[in-house]
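What's counted below: heavy atoms across the whole structure, side chains too, no hydrogens, waters or symmetry copies.
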Amino acid sequence: MSTTRTRPATDALTRDALAVLQPGFRGTTAPDWVLRRLDEGLAAVAVFGRNVENPDQLAALTAQLRAVRGDVLVAVDEEGGDVTRLEVRTGSSYPGNLALGAVDDPELTRAVARDLGTRLAACGINLNWAPCADVNSDPGNPVIGVRSFGDTPAPVARHTAAYVEGLQSAGVAACTKHFPGHGDTAVDSHHDMPRVGVDLATLRERELVPFRAAVAAGTRAVMSAHILLPALDPERPATLSPAALHGLLRAPVSEGGLGFDGLIVTDGIEMRAISATYGIERGSVLALAAGADALCVGGGLSDEATVDRLRDALIRAVHDGDLPEERLADAAARVRALAEWARGAAASAAPAPGAGAVEGAAPAPGLRAARRALRRTAREPFTPLTAPVHVAGFTPVANIAVGDETPWGVAAELTRLLPGTTTTTYGAERATAEGTDRLVAAVLTEAGRRRVVAVVRDAHRHPWMAAALTALVAARPDTVVVEMGVPQAEPCGALHLATHGAARVCARAAAEALTGAAADG
């Protein structure tokens with residue numbers, strides 16, 4: 001049996017319309033409306049950082065959902081690294097994709113993903129909207145960056161496959177994203193419609209390579225991207241394009257497709273790339289008609305009225321002939337099939353060795369990967385820091401996927417190892433208002449005699465940050481620079497340390513390297 005209570009007599013069409021939704025909600029316990037919709041046919045629920053206080057609370061929340069529907073899919077956007085929901089208030093115990101790609105040890109990537117999957121499964125999560133299989137071919141990409149395993153197809157493919165295998169070995173379904181590839185974009189689809197102007201040959205030789213590897217590795221789900229590829233479909237973004245979803249992702253390999261037969265999930269349907277052009281109701285109908293099976297919603301719109309609007313829009317579309325009833329039924333069946341797989345996988349998966357042994361501590365695979373991902377560039381032999389320093393954090397505006405709730409930087413870890421360390425953050429607004437010279441003068445005044453550790457994130461993408469860093473290093477050549485984004489800019493400072501991500505575990509590894517702290521764990 002898949003439930004612990006008798007289901008209400010809801011008609012099949014309504015149950016199917018609810019089954020294809022993956023909505024979010026507010027609060028750390030399930031609202032009554034979510035429980036009612038589970039009774040009526042809702043088959044999946046999404047959990048975001050706002051729903052998480054700690055592992056025990058999250059486990060109680062998912063148990064509350066399963067008391068109503070035992071086979072419910074509980075999804076989360078837990079990439080590790082910069083994008084974490086499980087540890088949204090502290091920073092992740094796992095390095096992100098770019099750090100794993102920098103190490104380039106697929107077995108370690110598999111171990112990290114399995115460890116993360118085990119932690120998710122212990123909290124009752126059985127669908128993870130990860131990994132990113134995007135090839136970050138545009139270094140100015142505002143939304144992918146460190147979320148990618150790298151900027152060339154082959155390493156991204158092998159680490160995507162390893163991640164899928166590791167995650168699913170823990171009983172958590174992987175949802176590989178963002179098909180057919182969000183790496184060559186200069187626009188964040190949360191805000192507008194990105195356009196990728198590559199030809200089909202480039203698409204097949206670059207963007208699609210990691211997705212083929214994911215399909216071969218058995219990924220249970222794929223998430224579509226809200227990006228326009230005119231060479232594939234000049235009118236509709238991939239999420240709404242039959243050419244992308246049915247003609248490319250679903251089509252047999254013999255016909256030039258990827259032969260994927262699992263669940264196709266849309267990226268957030270309320271993102272402006274869809275909502276501003278089509279509206280969420282029409283966008284949802286077009287996505288299902290194009291071949292999507294499940295609609296992600298709730299990152300922004302997380303209320304009962306939104307779920308009802310989308311349910312009713314799908315039912316109306318069937319009645320009006322805009323969405324074949326058979327297509328909706330097929331999509332709902334795929335959702336339920338994944339739920340059945342997840343229930344069986346959870347029952348048979350064994351815990352990863354040592355996973356989650358100490359709450360809040362970095363698991364061994366995550367810490368090992370973060371340490372191995374560090375890249376040092378020094379003008380001369382570096383003497384470890386032993387006295388308190390001043391940490392100057394040059395802070396860009398976080399993209400929506402990362403969010404601004406999660407702390408980052410090395411100040412907390414350096415303060416732990418070097419008590420008395422001070423820190424100040426400096427942003428674009430202050431740099432614009434004061435100018436580079438006054439900003440750097442403020443850093444030097446606040447540092448006093450302390451050595452300066454400048455922390456940056458994607459310095460190559462932010463002219464104000466690059467200018468401030470250059471001026472600071474010129475004024476204080478002994479400045480230590482820690483780059484916690486994509487290390488694209490020329491290394492500078494007495495020591496330049498690239499962490500390949502801003503996860504808490506990356507900060508820990510960096511602080512250890514700067515202070516010569518004994519490596520434990």
Side-chain angles (χ1 to χ4, degrees), residues 76-88 90-120 128-134 136 144-151 155-156 158-167 170 174 352 354-356 358 360-376 398 401-403 406-410 412-413 455-458 482-488 497-514 517 519-521:
V76 73
D77 189 10
E78 181 59 54
E79 299 173 15
D82 291 30
V83 179
T84 178
R85 311 305 177 214
L86 224 57
E87 300 178 277
V88 66
T90 60
S92 182
S93 300
Y94 301 88
N97 286 2
L98 190 63
L100 296 172
V103 176
D104 199 13
D105 179 349
E107 285 303 318
L108 182 56
T109 295
R110 189 175 288 107
V112 167
R114 178 172 171 78
D115 208 69
L116 174 57
T118 300
R119 182 178 287 194
L120 290 172
N128 191 10
W129 294 326
C132 285
D134 308 294
N136 196 54
I144 301 301
V146 296
R147 301 168 66 197
S148 168
F149 289 111
D151 57 11
V156 175
R158 61 177 169 263
H159 287 282
T160 296
Y163 198 104
V164 166
E165 292 165 354
L167 189 65
V358 180
L367 182 55
R368 188 163 69 250
R371 287 169 174 163
R372 290 178 60 186
L374 294 176
R375 297 293 180 269
R376 302 166 178 82
V402 173
T406 305
W408 70 282
V410 299
E413 290 293 335
V455 185
V456 296
R457 199 171 185 176
D458 290 346
V482 181
E483 169 61 84
M484 303 195 79
V486 178
Q488 188 75 20
L497 193 63
T499 63
H500 298 90
R504 175 167 54 91
V505 72
C506 295
R508 174 178 172 178
E512 290 175 348
L514 293 177
D520 57 359

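D134 is linked by a side-chain hydrogen bond (donor to acceptor under 3.5 Å, both in side chains) to H178, counting only residues two or more places apart in sequence or in another chain.
Within the 4.5 Å cutoff, side-chain heavy atoms of R371 are placed close to those of R508. The shortest distance between side-chain heavy atoms of P365 and R114 does not fall below 4.5 Å. No side-chain heavy atom of S148 sits less than 4.5 Å from a side-chain heavy atom of C132. Counting heavy atoms from C-beta on, the side chains of S93 and R504 come closer than 4.5 Å.
Heavy atoms only, all atoms of each residue included: H500 and A373 are closest at ND1-O, 3.0 Å. Residues S92 and G81 come closest through the heavy atom pair CB-O, 3.5 Å. Taking all atoms of both residues into account, the shortest heavy-atom contact from C506 to G501 is CB-O, 3.5 Å. The two residues V112 and G366 come nearest to each other via the heavy atoms CG2-N, 4.1 Å. Nearest heavy atom pair, residue A510 against residue V482, reads CB-CG1, 4.5 Å. In terms of heavy atoms, A513 sits closest to R376 at CB-NH2, 3.4 Å.
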>> Using side-chain contact (heavy atoms from CB on, under 4.5 Å), reason through V402 and W408 one step at a time and then give a plain yes or no.
In response: CA-CA 11 Å; V402 173; W408 70 282; over 6 Å; no
> Can N97 and R147 be said to form a side-chain contact (heavy atoms from CB on, under 4.5 Å), step by step?
Replying inline: CA-CA 5 Å; N97 286 2; R147 301 168 66 197; 5.6 Å; no
>> Could you walk me through whether L374 and T499 satisfy the side-chain contact (heavy atoms from CB on, under 4.5 Å) test, starting with their C-alpha distance in whole Å, then the side-chain angles of each, then the deciding distance to 0.1 Å, before giving a yes or no?
In response: CA-CA 5 Å; L374 294 176; T499 63; 3.8 Å; yes
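Distance check: D82 CG to T406 OG1 gives 8.5 Å after rounding to the nearest 0.5 Å. Note that CG of N136 and CD of Q488 are 8.5 Å apart. Values are rounded to the nearest 0.5 Å. Note: D77 CG to N128 CG = 7.5 Å, rounded to the nearest 0.5 Å. Between atom CG of residue L497 and atom CE of residue M484 there is a gap of 9.0 Å, rounded to the nearest 0.5 Å. For the atom pair Y163 OH and L116 CG, the distance stands at 4.5 Å (nearest 0.5 Å). Between atom CG of residue L108 and atom CZ of residue R372 there is a gap of 5.5 Å, rounded to the nearest 0.5 Å.
A donor-acceptor contact closer than 3.5 angstrom links the side chains of H159 and D104. A donor-acceptor contact closer than 3.5 angstrom links the side chains of T84 and E78.
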